[in-house]
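The structure appears right after this line, and notes come after that.
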Amino acid sequence: MVKAVVLGAAGGIGQPLSLLLKINPDVTELSLYDIVNAPGVAVDLSHIATPAKVEGFLPPPKDSQTTPNEGLRKALAGADLIVIPAGVPRKPGEANAVFTTLHSDDLFKINAGIVRDLATAIATTAPKAFVLVISNPVNSTVPIVAEVFKNHNVFDPKRLFGVTTLDVVRASTFVAEVLGDRSLSSSITVPVVGGHSGVTIVPLLSQSSHRLPEGLDTSTVDSLVNRIQSGGDEVVKAKDGAGSATLSMAYAGAEFAVKIIRAIKGERGIIVPSYVNLAADQEGGAALRKDLGKDLDYFSSPVELGPNGVESIKGLGTITPSERALVNAALPDLISNIDKGVSFIQGPKL
Ligand SMILES: NC(=O)c1ccc[n+]([C@@H]2O[C@H](COP(=O)([O-])OP(=O)(O)OC[C@H]3O[C@@H](n4cnc5c(N)ncnc54)[C@H](O)[C@@H]3O)[C@@H](O)[C@H]2O)c1
Ligand SMILES: O=C(O)C[C@H](O)C(=O)O
């Protein structure tokens, strides 16, 4: 019995992600919440002949006197797994770094506010659920959720995940293209570490399950790294004003959610990159901090999942000097993104 909840379920990611969760036989209940259209999406999905009971919820009408958000509370009640793709996507012309240093503060504040409010409702209604954050900027929205949970004394770092799976999926696809064999793409695994925007995305190509050809020239490797780091830009440009990645993100979000569901159901040995709070595994987190030479609280690295969430943080393993340079280049942005998320809730550091 698994109850999954999608917050932002009527959106570009939310709808196909909800579809993929609906067709997962392990999901027995699927609750969809959005500020628009969620009941319609739910009725549509409910006709699919799979076990999950689907319901859709809205907030109370704006002019209503009901202050508590009953729709959100009902959606969240009894949740095992909550996926959050609620928020505004970026537009062309806003560089990939929009979600980092150059990001228009307005867009940051909108998404940060949405995520803060949803996290507050989760803290009071479903504090034990696994929370998977898709809303950008992930490097900051995950710390925002954590700080809200800390304020409510319900923070369990083992249960909070920033979804960086799209970077991992892109790495598999693009490596298969370089290898000239697309049929390999679903079996190729490449750990992608750091964070989820621009230079904070660090693919560890030396640890790819399928080795790149010996002697591949540096410029091909550099372009591959660059393409993985700017995969989001490629989609935003191609969509030309109609938003950012939705279908590939729904695929990636469902892939990650399914791994969490398998772990909840007791499967062992699932290792997957995710952006987590390093307190999720004191020992692994301390070792990773030491390796990074920085005292940061969040980093995406392969983590082993278990029924209680993060079982262990695996760290970077052996990496090449050029990968070390990429990791080092990621750290300043990552640290400032984390600070930005924390300060959004706790106020600026004195
Ligand atoms: N982590 C990743 O790899 C990744 C990949 C792609 C997109 N994203 C991010 O995901 C987010 C959503 O992207 P999208 O393309 O689906 O956008 P979208 O605009 O198509 O959908 C967002 C949905 O969120 C809903 N929403 C807004 N405020 C809400 C609230 N307070 N409560 C519930 N729902 C609310 C909207 O009504 C809309 O249906 C963006 O922040 C985008 O940058 C992340
Ligand atoms: O890049 C974006 O704005 C969306 C998303 O984070 C992506 O990686 O496609």
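Everything numeric here is computed off the predicted structure, so don't read it as measured data. Indexing begins at 1, ligand by ligand and atom by atom, following the structure's order. Start at 1 with the first residue, then count along the sequence.
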Review point. Ligand 2 versus Asn136, non-hydrogen atoms closer than 4.0 Å: side chain, backbone, both, neither?
Key: side chain
Exercise for review: Give a yes or no on whether the backbone of Ser140 and the side-chain of Asn337 come within a donor-acceptor separation of less than 3.5 Å.
Suggested key: no
Practice item. Please name the pair of heavy atoms, one in Ser301 and one in Lys314, separated by the smallest distance, quoted to 0.1 Å. Key: OG-N, 4.3 Å
Point to revise | Leu166 touching ligand 2 at heavy-atom level, < 4.0 angstrom | key: yes
Point to revise | Within-cut-off N or O pair, Asn136 and ligand 1, under 3.5 Å | key: yes
Exercise for review: Could you tell me whether Pro85 approaches ligand 1 through its side chain, its backbone, both or neither, with non-hydrogen atoms closer than 4.0 Å?
Suggested key: backbone
Practice item. Under 4.0 Å from a heavy atom of Arg90: give me the atoms of ligand 2 that qualify, with their elements. Key: 1 (O), 2 (C), 3 (O)
Point to revise | Ligand-residue contact atoms, ligand 1 with Tyr33, heavy atoms, under 4.0 Å | key: 32 (N), 33 (C)
Which atom pairs, donor and acceptor, lie under 3.5 Å between side-chain atoms of residues 116-126 and protein residues at least two apart or in another chain?
residue : atom : partner : partner atom : Å
Thr120  : OG1  : Arg116  : O            : 2.8
Thr124  : OG1  : Thr120  : O            : 3.2
Thr124  : OG1  : Ala121  : O            : 3.1
Thr125  : OG1  : Ala121  : O            : 2.9

Review point. If you look at every heavy atom in Leu21 and Ala257, which pair is closest and at what distance?
Key: CD2-CB, 4.0 Å
Point to revise | Contacting atoms of ligand 2, where contact means under 4.0 angstrom from a heavy atom of Gly232 | key: 1 (O), 7 (C), 8 (O), 9 (O)
Point to revise | Heavy-atom closest pair, residues Ala10 and Asp34 | key: N-OD2, 2.9 Å
Review point. Does an N or O from Met249, backbone or side chain, lie closer than 3.5 Å to an N or O of ligand 1?
Key: no
**Study point:** Ligand-residue contact atoms, ligand 1 with Gly12, heavy atoms, under 4.0 Å
**Key:** 16 (O), 18 (P), 20 (O), 21 (O)
Review point. Going by the atom numbers of ligand 2, which of them fall below 4.0 Å from some non-hydrogen atom of Ser244?
Key: 3 (O), 4 (C)
Exercise for review: Please answer whether the main-chain N or O of Leu316 pairs with a side-chain N or O of Gln207 as donor and acceptor at a distance below 3.5 Å.
Suggested key: yes
Exercise for review: Treat each ILVMFWY residue as a node, draw an edge where side-chain heavy atoms are under 4.5 Å apart, and state whether Ile35 and Leu58 are in one component.
Suggested key: no
Practice item. Under 4.0 Å from a heavy atom of Ala245: give me the atoms of ligand 2 that qualify, with their elements. Key: 9 (O)
Study note, to complete from the structure: Min over Pro89, Ala86, Gly11 of heavy-atom distance to atom 17 (O) of ligand 1 lands on Pro89
Review point. Which pair of non-hydrogen atoms, one from Ala42 and one from Gly56, has the smallest distance, and what is that distance?
Key: CB-N, 3.3 Å
Point to revise | Numbered atoms of ligand 2 (with element) below 4.0 Å of Arg170, judged on heavy atoms | key: 7 (C), 8 (O), 9 (O)
Review point. So is there a nitrogen or oxygen of Thr246 less than 3.5 Å from a nitrogen or oxygen in ligand 1?
Key: no
Exercise for review: For Ser185 and Arg182, indicate whether the former's side chain and the latter's backbone hold a donor-acceptor pair under 3.5 Å.
Suggested key: yes
Practice item. Examine ligand 1 and decide if any of its atoms is less than 4.0 Å from a heavy atom belonging to Gly243. Key: no
Revision key, fill the gap. A student comparing Val163, Ile134, Asp34 should find that the heavy atom closest to atom 37 (O) of ligand 1 comes from Asp34
Point to revise | Sidechain-backbone polar pair: Lys294 side chain, Asn328 backbone, donor-acceptor under 3.5 Å | key: no
**Study point:** Contacting atoms of ligand 1, where contact means under 4.0 angstrom from a heavy atom of Asn111
**Key:** 41 (O)
Review point. Can you find a pair of side-chain heavy atoms, one from Asn136 and one from His196, that are under 4.5 Å apart?
Key: yes
**Study point:** Within-cut-off N or O pair, Asp233 and ligand 2, under 3.5 Å
**Key:** no
Point to revise | CA sep, side-chain torsions, deciding dist, call: Asn139, Thr200, side chain to side chain donor-acceptor pair (under 3.5 Å) | key: CA-CA 9 Å; Asn139 294 356; Thr200 71; 3.2 Å; yes
Check your understanding: Taking both backbone and side-chain atoms of Asp167, is any N or O found less than 3.5 Å from an N or O belonging to ligand 2?
Key -> no
Check your understanding: Does Ser244 offer a backbone N or O that forms a donor-acceptor pair with the side chain of Lys239 under 3.5 Å?
Key -> yes
**Study point:** Location of contacts on Val138 toward ligand 1, heavy atoms closer than 4.0 Å
**Key:** side chain
Practice item. Apply side chain to side chain donor-acceptor pair (under 3.5 Å) to the pair Asp167 and Tyr275, showing each step before the final yes or no. Key: CA-CA 12 Å; Asp167 304 317; Tyr275 182 70; over 6 Å; no
Practice item. Give a yes or no on whether the backbone of Ser206 and the side-chain of Arg211 come within a donor-acceptor separation of less than 3.5 Å. Key: yes
Exercise for review: Tell me which part of Met249 gets within contact of ligand 2: side chain, backbone, both or neither, using heavy atoms under 4.0 Å.
Suggested key: neither
Check your understanding: If we only count N/O pairs under 3.5 Å, is Val36 in contact with ligand 1?
Key -> no
Exercise for review: Answer side chain, backbone, both or neither: which part of Val88 comes under 4.0 Å from ligand 1, heavy atoms only.
Suggested key: backbone
Exercise for review: Return a yes/no value for Ser135: is any of its N or O atoms, backbone included, closer than 3.5 angstrom to an N or O of ligand 1?
Suggested key: no
Point to revise | Ala245 neighbourhood, listing ligand 1 atoms whose heavy-atom distance to it stays under 4.0 Å | key: 6 (C), 7 (C)
Study note, to complete from the structure: One finds that the ligand 2 atoms under 4.0 Å from a non-hydrogen atom of His196 are 5 (C), 6 (O), 7 (C), 8 (O)
Practice item. Please answer whether the main-chain N or O of Val2 pairs with a side-chain N or O of Thr28 as donor and acceptor at a distance below 3.5 Å. Key: yes
Review point. At under 4.0 Å between heavy atoms, which part of Glu234 makes contact with ligand 2: side chain, backbone, both or neither?
Key: neither
Pair up each side-chain donor or acceptor in residues 143-155 with any protein partner under 3.5 Å, not counting sequence neighbours, and list the distances.
residue : atom : partner : partner atom : Å
Glu147  : OE1  : Gln346  : NE2          : 2.7
Glu147  : OE2  : Lys150  : NZ           : 2.9
Asn151  : OD1  : Gln346  : NE2          : 3.2
His152  : ND1  : Val148  : O            : 3.0

Practice item. May I ask whether Ile114 has any heavy atom positioned less than 4.0 angstrom from an atom of ligand 1? Key: yes
Review point. Under 4.0 Å from ligand 1, counting heavy atoms only, is it the side chain of Asp117, its backbone, both or neither?
Key: neither
